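The next block holds one structure in the form of structure tokens; read it before the comments.
Every value quoted in this text rests on a predicted model; they were computed, and no experiment measured them. Quick note on labels: first sequence line is chain A, next is B, and so on, each numbered from 1.
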Amino acid sequence: MTDVETLVPRETPPDRPAKTVKRRNGWQVVWSNGKARTGIVILALFVAVAVCAPVIAPFDPKNSTLPAGLQPGGAYLLGTTNLGQDIFSQLVYGAQVSLIVGLLAGVVVTMIALVIGLVAGLLQGVVDEILSFSINLALVVPALPLMVTIAAYSPVHGLSLIIFVIALTGWAWGARMKRAQVLLLRSQDFVTAARFSGDGLWRIVFRELVPNMVSLVVAGFMGAAIGAIGAEAGLSFLGLGDPTTVSWGSMSYWANSNGAMLTGQWAWLLAPGLALSLLITALTLINFGIDALSNPQLREE
Amino acid sequence: MPAANSTDEPILTVKDLNISFVSKYRDDRQVIRNVGFDIRPGEFVGLLGESGSGKSTLGNAILNLLTPTARVTSGELLYKGKDLFTIPAEDLRILRWSEISTVFQSSMASLNPVMTVRAQMEDVFSAHRGTSDAKREMTVEKSLDLVSIDHKYLDFYPHQLSGGMKQRIALAMSLLLSPDLIVFDEPTTGLDVVVQKSILSRLKALQADMKFAVLFISHDLGTVMEMADRVMIMYAGEVVENSPAGDALSGVAHPYTIGLLGSYADPRDAEINIRYIPGRPPSLDSVPVGCAFADRCGLATPECREPRIPTAEIDSLAGHRSIKCVLFGSENSDPLPERTIFDDVGQQIDVHHAAPGAGEVVCRVEDLNKTYSTRKGLKHTENHAVVDVGFELRKGSVTALVGQSGSGKTTIGRILTGVEKPSSGRVTVAGVDVGSLKRRALRNYRSKVQLIFQDPFQALNPASSVGYAISRPLVNHRKLRGSEVQEQVDRILGQVGLTPPSEYRDRLPHELSGGQRQRVVIARALAAQPEIIVADEPISMLDVSIRAEILQVLNELTRSNGIAMLYITHDLLSARLIADEILVLHEGKIVETGSTNEVLTNTRHDYTKLLLSSIPNPWQSRRIAPSLPTASSTSARA
Ligand SMILES: Nc1ncnc2c1ncn2[C@@H]1O[C@H](COP(=O)(O)OP(=O)(O)O)[C@@H](O)[C@H]1O
Ligand code: SF4
Ligand SMILES: [Mg+2]
């Protein structure tokens with residue numbers, strides 16, 4: 001048996017270093033999702049169109065000196081409006097409006113929701129109760145009628161009004177999700193550990209809580225952007241938008257009120273609707289990939 | 001000893017099974033490698049291995065419940081002659097529950113929260129109406145009787161039941177249609193020792209009575225060895241040993257089996273010899289050629305690195321053994337070669353105790369009480385979580401607080417660390433009453449008291465690197481800056497055995513194993529240079545084979561740094577290994593206290609005795625001497 005004993009290692013060999021795992025960052029996870037990839041490609045196309053609008057659009061969208069009421073074809077790809085504007089050029093510039101509204105409203109709504117969610121989740125007692133009450137109140141107020149009412153009676157009309165209205169009606173859902181997430185995270189051992197490591201509140205918020213809410217924040221942003229783009233189009237379609245901006249919603253509004261379908265100018269009515277659906281589809285597809293961020297089971301391995 | 005007659009036709013045959021996980025992002029990983037075995041009617045088979053060895057994949061394969069990324073690359077799975085990989089989905093659905101049923105660890109969580117227990121059980125019947133053999137079905141009530149649960153619970157919802165009850169109900173459900181085979185996957189992991197013991201004895205009795213076969217998957221060798229007729233030991237996707245349980249315990253076994261068994265002992269023994277196998281299993285991305293265990297095996301020879309390791313087929317008195325190890329020879333080698341009797345594999349853990357009462361008192365707990373009041377409607381209930389508890393913690397010494405879950409251990413830990421205020425009584429550290437500390441003072445106090453958490457998967461922020469986690473106490477409590485922080489982080493990583501530090505500093509928690517994470521958690525606690533460490537069940541979530549190692553790290557570091565540790569556990573064996581003094585807590589009260597030896601060898605309180613008897617001890621229940629055979633004790637050899 002002695003020969004056996006000599007074979008026993010007396011030194012602890014180090015743990016076999018786990019093979020360096022290829023780290024995939026959030027972007028790679030989202031990109032690896034087929035649906036999200038499709039969405040990202042479509043979105044990128046829209047962004048390209050919006051940015052290069054002056055190059056792509058053959059005419060100034062507000063230039064109403066062209067022959068009016070033309071049907072699609074020829075020099076005017078999608079025809080002209082009854083005021084003599086080029087519909088294709090309007091469609092191209094409309095992408096700018098939708099994307100800017102989506103981006104700005106998304107940022108504003110996300111910021112409001114994040115701040116309120118964090119404060120409500122972190123502070124217990126009266127503050128949380130007041131905020132939770134406001135959240136619930138904002139959730140039960142029917143957003144659509146409120147939006148229409150505000151937009152109809154507001155003295156100013158423009159993108160800022162639309163973003164304001166969307167922020168006012170859209171923050172509560174995200175705030176509620178974020179509050180719930182904060183409540184969940186703050187009771188986690190690693191947050192207690194940070195406290196025992198002497199970290200202060202701000203550091204705990206920004207190093208422990210927020211990094212673990214990224215997917216929620218991004219998903220909230222996407223949701224808000226989708227809602228905002230839809231809402232802008234909807235309000236403009238109802239004639240409640242800024243009459244001077246050319247957006248997909250206002251295009252549909254004018255097309256509709258001029259009976260475009262009856263005059264054979266189908267592209268005037270259909271093109272903005274299709275563009276809008278395509279953009280919203282793209283964003284929704286991206287959202288699938290973001291779900292995979294927070295739920296590894298949805299990842300496409 | 002085996003309940004089954006070994007001449008019976010097997011009900012389940014697995015032949016040369018290979019399963020890989022495929023991924024677009026990396027090479028396929030083969031997680032089940034050439035596995036073959038039989039299960040006979042009425043046989044109780046244990047499947048053991050460390051986490052990641054492929055146990056659950058194998059269990060899921062038997063139920064054809066593999067995830068879509070798993071590919072069965074070859075092999076057959078025959079249940080009573082039917083190949084489960086090829087039969088139609090509908091036949092398979094019928095087969096589940098009525099012929100093969102399962103109980104998972106997650107069964108507890110998988111009960112539908114909006115259905116009563118009765119409704120869920122009746123669902124099982126309706127899903128199989130007309131397909132199963134009606135004579136074999138039992139009533140819902142009968143099944144609850146079997147697992148000793150009162151019928152009134154049938155009308156309860158899952159959230160109204162404790163974890164142990166839910167697991168009993170999962171067991172009852174698996175029995176409803178009287179299956180011939182039940183697969184258990186870690187069914188009691190996460191449950192209290194005492195509860196675990198009672199569920200398992202119930203299972204064993206039912207199995208003896210109803211004669212169903214069992215495949216019992218677990219990482220806890222001690223528990224399985226007590227119950228199983230036969231055990232299969234998995235390592236890196238292979239079954240390295242398949243033996244009657246008694247034979248596996250005889251000391252003549254695969255070196256890995258012996259290594260795993262090294263973690264068990266009777267805490268009452270005067271001399272304790274606990275061994276662990278250093279290192280970790282190979283990554284399944286790159287399993288070495290030859291014996292996968294060779295890197296950790298103290299008996300490895302150059303032959304072990306040859307591509308094909310033979311499997312020895314040996315007949316013993318108790319049945320048949322297959323052992324995949326060169327030491328056992330290739331062909332039917334009876335009798336076993338003399339070299340196969342090993343008396344030590346792996347590394348021994350040092351057990352050293354300070355004399356109780358030595359060391360300066362750093363923390364004094366007096367008349368501590370904590371009462372939680374809860375109000376449900378008009379009903380007002382008081383829960384006395386801690387009752388008149390008093391003890392002292394001493395510099396460089398470890399005090400174990402032992403008790404089953406719900407006994408108030410965690411609450412005491414939380415009061416000690418200032419997370420919670422006591423209802424009455426006081427905790428004094430350095431002349432200051434901890435309960436009276438506010439904000440800033442409390443933050444300073446925490447530089448003296450650190451926590452080590454139970455679950456290493458929750459104790460580290462998934463988004464921050466190891467280096468960041470360890471640097472925070474250095475910056476906050478020790479006011480280090482710049483390169484000093486870096487140096488200290490590296491030094492502490494070295495202390496907890498994560499070397500070279502450069503390899504670990506920038507890792508994120510998910511890139512570490514459970515044991516490595518727990519080392520990081522320990523490192524973070526040490527970084528504050530605390531006077532007191534409260535470790536709440538620090539090893540209970542770890543694989544049995546790593547526990548001894550982590551315990552060793554904790555033991556050495558607290559003593560060499562002169563830290564007073566409160567070690568909270570339900571496991572008296574680990575308390576025996578690390579503690580100088582033991583406090584036994586039962587329903588919030590300390591029922592027994594004294595030096596470790598005194599409490600364990602001269603046990604007075606019944607509750608302590610109950611805890612002691614709940615510790616799995618495979619040798620004791622099989623009446624086999626744990627001391628390993630010399631020439632005179634070769635009885636297990638055929
Ligand atoms: N925050 C709480 N509110 C109400 N009861 C609690 C709370 N925390 C613990 N308890 C109760 O106190 C008792 C002791 O719990 P705990 O300290 O967690 O014991 P252990 O650590 O031994 O599991 C249990 O009955 C538990 O239900
Ligand atoms: S084959 Fe060699 S390395 Fe593997 S267990 Fe046997 S002796 Fe150890
Ligand atoms: Mg506890």
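Shown here are the salt bridge (charged side-chain N to carboxylate O under 4.0 Å, His left out) partners of A:R179, two or more places apart in sequence or in another chain: A:D128.
Heavy-atom pairs under 4.5 Å with chain B were tallied for A:Q188, A:E208, A:R195; the largest tally goes to A:E208.
Only the side chain of B:V419 comes within contact range of chain A, with heavy atoms under 4.5 Å apart. For chain A, no part of B:S471 is nearby; none of its heavy atoms comes within less than 4.5 Å.
Among residues 105-122 of chain A, no residue has any heavy atom closer than 4.5 Å to a heavy atom of chain B.
Taking every heavy atom of both residues into account, B:P462 and A:N212 meet most closely at CG-OD1, 3.3 Å. In this structure, B:H477 and A:G198 approach most closely via the heavy-atom pair NE2-N, 3.5 Å. Contact record, B:Y468 with A:R207: OH-CG, 3.2 Å, taken as the closest heavy-atom pair. Here the closest heavy-atom approach between residue A:F196 and residue B:T417 is recorded as CZ-CB, 3.4 Å. Scanning both residues, B:A459 and A:A193, for their nearest heavy atoms gives O-CB, 4.1 Å.
Just one of B:R472, B:R443, B:R446 meets the salt bridge (charged side-chain N to carboxylate O under 4.0 Å, His left out) condition when paired with A:D199; it is B:R472.
Between the side chain of B:N461 and the backbone N or O of A:F190 there is no donor-acceptor pair closer than 3.5 Å.
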